[in-house]
Number of protein chains: 2
Amino acid sequence: MQRRNNAMSKKLEQPTQTLKTPRGRRPNGNGLSSTTIMDVAREAGVSYATVSRVVNNKEYVKSDTRERVLKAITSLGYVVNQQARSLAGGRSYAVGLLVRDLGSSYMGEIVRGIDESLSAAQYNLMLYTTHRRKIKERIYVNNLIQGMTDGLLLVLPENLEAYLETLDQTNFPYVLIDHQGLDERTPVVITTNWQGGYDATRYLIELGHRRIGFLTGMMDMRSSQDRLSGYQAALRDHGLPADPQLVYEGTYYQPEGYAGAQSLLRLPEPPTAIFASNDVMAFGVMEAVRDAGLRIPSDISVIGFDDIAQASQVAPPLTTVAQPLEQLGREAVRMLLARINNPEQPIARTILPTTLIIRQSCDVPRNV
Amino acid sequence: MQRRNNAMSKKLEQPTQTLKTPRGRRPNGNGLSSTTIMDVAREAGVSYATVSRVVNNKEYVKSDTRERVLKAITSLGYVVNQQARSLAGGRSYAVGLLVRDLGSSYMGEIVRGIDESLSAAQYNLMLYTTHRRKIKERIYVNNLIQGMTDGLLLVLPENLEAYLETLDQTNFPYVLIDHQGLDERTPVVITTNWQGGYDATRYLIELGHRRIGFLTGMMDMRSSQDRLSGYQAALRDHGLPADPQLVYEGTYYQPEGYAGAQSLLRLPEPPTAIFASNDVMAFGVMEAVRDAGLRIPSDISVIGFDDIAQASQVAPPLTTVAQPLEQLGREAVRMLLARINNPEQPIARTILPTTLIIRQSCDVPRNV
DNA sequence: ATGAAAGCGCTAACAA
DNA sequence: TTGTTAGCGCTTTCAT
């Protein structure tokens with residue numbers, strides 16, 4: 001090791017009072033000149049490395065030293081400076097969350113799961129909303145992995161191809177939520193969409209329905225395709241024909257539920273039940289049915305998908321396939337933190353079960 | 001000026017190859033060893049202070065130097081490290097956003113306004129959701145002002161008393177959204193709730209209604225009180241009695257719209273119109289009215305407040321008082337950034353106008 | 001107009 | 001088990 005300048009000289013040269021504005025640091029903008037690890041060290045009578053050890057729960061600290069440091073921390077109201085910590089090579093204790101939009105209960109519930117788990121782990125959340133502008137996804141992702149966050153959560157990403165490779169190459173931790181990923185090696189948390197579609201359809205068939213209308217979601221989403229396949233499989237398994245006229249292509253928004261139902265009801269041989277690929281469209285269906293002068297469930301049965309909070313509040317309460325949305329968020333965080341804490345962690349795919357929730361919007365068909 | 005150690009010696013002593021793991025820094029976790037200001041400086045043949053000047057758009061940089069640096073930045077794909085910047089006394093370029101929940105269109109629209117403005121200003125957003133647990137508000141606020149963010153946005157805070165003083169004392173920039181604040185010196189962005197309540201009521205009166213039911217929001221919120229006052233003032237101004245039986249106390253959730261309407265319709269002398277303090281309750285009202293076998297608007301007129309996206313999508317489309325929610329968010333960001341950029345900025349209160357949106361849920365009363 | 005250097009608060013390697 | 005120190009990448013002052 002070569003000889004370096006003696007750092008001690010710095011301290012010795014220090015005038016008692018700082019006469020000039022110190023270089024670099026501007027005088028903190030807001031008043032609050034926060035307590036640092038140094039203040040704590042002084043208070044506890046230890047070196048500041050020891051304080052760091054205590055703060056980071058490292059081993060090799062005598063328990064009474066730890067005690068003393070902890071006390072100093074409390075009495076001084078010390079809070080670590082995340083930026084410094086992160087700059088020094090530690091964690092940033094923040095994860096990025098990339099979503100399309102926030103106005104729906106669907107997103108609300110997922111985000112609730114995410115931020116509850118995250119705050120339990122003392123992590124911060126950086127939010128990025130793309131508003132469906134695909135370019136933004138890539139820009140955000142590039143910023144995010146630039147040291148700002150320790151990991152990334154992507155809900156229903158639309159432009160994966162543009163950055164998944166970068167993410168994988170740099171081994172940056174991430175988890176997709178409600179998206180199948182590009183292949184089996186992508187870490188994802190998804191639900192049993194096919195089974196949900198199957199279960200709802202079978203339920204209607206078992207009630208006696210023979211003509212069941214189906215409203216799809218956006219068909220470029222794998223989940224939408226799976227729900228449709230589940231519906232078709234249930235029909236097939238019960239020997240019912242798959243009449244393409246009964247399938248209406250929607251995009252998960254309420255007005256399409258209304259329009260879809262209208263279109264199905266105008267069919268020469270209309271369905272006796274309508275299965276909408278999400279609750280929001282089911283609400284549109286309910287309106288259209290009522291506006292057509294029909295009653296739910298006596299004239300027409302309606303079933304949804306998601307089980308958002310509103311589903312139990314409409315009249316009649318909506319029978320639907322519950323997705324464990326909040327759990328989806330919690331599970332994603334669990335997986336992400338596992339990868340952050342251990343980059344060697346093998347990649348997992350978590351599949352959570354959907355559940356048929358029977359309420360009052362379905363009944364046996366009229367003429368049975 | 002006292003003589004300091006010659007920093008140049010550092011460089012001269014540097015062995016050609018680093019033989020040991022450098023202290024402090026762990027080898028970056030993920031592969032990506034990002035380009036720094038130093039790399040750019042070397043590439044452009046300037047000192048790294050100059051690069052900093054260029055990046056921060058400071059004056060005193062010859063334009064061809066600037067040119068050269070910019071080119072180096074592009075060719076190297078350099079992105080500033082926010083943590084380092086913030087640690088060195090600059091901005092963190094992040095603002096904190098504290099909300100109750102995210103599942104509603106109300107919040108969705110406000111947040112959209114916020115994050116569009118923020119991303120236009122190259123700011124990041126740290127999200128904190130309280131889920132209505134008041135203790136969390138204070139904890140979050142304390143963390144947030146600890147250097148993590150440059151400012152704070154609070155939507156409908158519930159526990160202001162616990163930290164507003166801290167915020168003011170440290171002169172930390174913040175803006176309240178849709179909340180009146182503790183006094184006139186609190187920076188807020190609000191809407192004309194009283195006027196909105198007045199306008200909607202006057203509209204119904206002018207249609208010929210004499211008995212108008214009113215569903216309040218949570219009465220501990222000033223906005224709810226104002227809407228109610230506006231309603232009462234309109235009645236008074238038009239010589240109508242303020243029958244307390246016609247006022248039902250709700251809490252802004254849909255089931256209370258349903259229950260409230262049921263209760264009003266059961267009155268010996270039921271109203272011919274119902275004014276709900278938000279759209280979500282108005283949807284509940286619409287259901288209850290229909291379930292009572294009445295038609296909208298021929299039997300009963302219904303009017304809401306907020307003008308969330310769904311309001312135009314239900315049948316019949318809901319007449320309502322529009323709040324410029326997205327603009328609320330944009331305006332709050334504008335005010336916040338102004339204060340961040342100039343702490344001397346006088347405190348402003350912004351009041352945005354509500355607008356009556358006439359759709360098809362109101363008509364003249366039956367017996368007129 | 002540019003460069004030199006201090007130091008923001010912290011983590012982790014190394015020494016003791 | 002604890003202390004010492006380098007250095008993370010940057011902003012800003014001072015000197016030139």
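Every chain is numbered from 1, with letters handed out A, B, ... down the list of sequences. Just so we're clear, the structure is a prediction, and the values are computed from it rather than from any experiment.
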Please report, rounded to the nearest Å, how far the [atom2] atom of [N] is from the [atom1] atom of [X].
{"X": "A/Ile37", "N": "C/dG7", "atom1": "CD1", "atom2": "C1'", "result": "16 Å"}
{"X": "B/Gln82", "N": "D/dC10", "atom1": "CD", "atom2": "P", "result": "10 Å"}
{"X": "A/Met38", "N": "C/dC10", "atom1": "CE", "atom2": "P", "result": "9 Å"}
{"X": "B/Met148", "N": "C/dC8", "atom1": "CE", "atom2": "C1'", "result": "16 Å"}
{"X": "B/Tyr93", "N": "D/dT11", "atom1": "OH", "atom2": "C1'", "result": "11 Å"}
{"X": "B/Leu87", "N": "D/dG9", "atom1": "CG", "atom2": "C1'", "result": "9 Å"}
{"X": "A/Asn81", "N": "D/dC10", "atom1": "CG", "atom2": "P", "result": "16 Å"}
{"X": "A/Arg42", "N": "C/dG9", "atom1": "CZ", "atom2": "P", "result": "12 Å"}

State which residues pass salt bridge (charged side-chain N to carboxylate O under 4.0 Å, His left out) with [X]; sequence neighbours excluded, sorted by chain then number.
{"X": "A/Arg330", "result": "A/Glu326"}
{"X": "A/Asp168", "result": "none"}
{"X": "A/Glu116", "result": "B/Arg133"}
{"X": "A/Arg68", "result": "none"}

Helix axis bend for the helix from C/dA1-D/dT16 to C/dA16-D/dT1 - C1'-based end axes, five pairs, 10° rounding =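 Roughly 40° between the end axes, to the nearest 10°.
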
Closest listed nucleotide, where the reference is the side chain of A/Ala49 and the choices are D/dC8, D/dG3, D/dC10 = D/dG3

task = Measure from the side-chain heavy atoms of B/Ala88 and tell me the nearest of D/dT11, C/dG9, C/dA4.
result =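 Shortest atom-to-atom distance from the side chain points to D/dT11.
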
Excluding sequence neighbours, so at least two apart, what forms side chain to side chain donor-acceptor pair (under 3.5 Å) with [X]?
{"X": "A/Asp115", "value": "B/Thr129, B/His131"}
{"X": "A/Ser117", "value": "none"}
{"X": "A/Asn56", "value": "A/Ser52, A/Arg85"}

query = Cut-off 3.5 Å, side chains only: do A/Glu137 and A/Thr130 have a donor facing an acceptor?
reply =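 No, because no side-chain N or O of A/Glu137 sits under 3.5 Å from a partner of the opposite role on A/Thr130.
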
Residue-phosphate contact under 4.0 Å: [X] side-chain N/O, [N] OP1/OP2:
{"X": "B/Thr50", "N": "C/dG3", "value": "yes"}
{"X": "B/Tyr48", "N": "D/dT12", "value": "no"}
{"X": "A/Thr36", "N": "C/dG9", "value": "no"}
{"X": "B/Arg85", "N": "D/dT11", "value": "yes"}

note = In numerical order, the residues of residues 52-62 of chain A whose heavy atoms come under 4.0 Å of DNA chain D are A/Arg53, A/Tyr60, A/Val61, A/Lys62

DNA chain D contacts made by residues 63-76 of chain A, counting heavy atoms under 4.0 Å = A/Thr65

key: Reported CG-to-CG distance for the pair B/Leu337 and B/Asn342, which is rounded to 0.5 angstrom   =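 With rounding to 0.5 Å, CG (B/Leu337) is 12.5 Å from CG (B/Asn342).
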
ask   = Taking only residues at least two apart or on different chains, which pairs with a member in residues 43-59 of chain A satisfy salt bridge (charged side-chain N to carboxylate O under 4.0 Å, His left out)?
value = none

task = Could you list all the ring pair (Phe, Tyr, Trp, His ring centres under 6.0 Å) pairs where at least one residue sits in residues 65-96 of chain A, not counting sequence neighbours?
result =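 As it turns out, the ring pair (Phe, Tyr, Trp, His ring centres under 6.0 Å) pairs with a partner in residues 65-96 of chain A, which skip direct neighbours, are A/Tyr93-A/Tyr123.
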
task = Evaluate the side-chain proximity of B/Met335 to B/Thr350: yes if any heavy-atom separation is below 4.5 Å, no if none is.
result =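 A side-chain contact under 4.5 Å exists here.
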
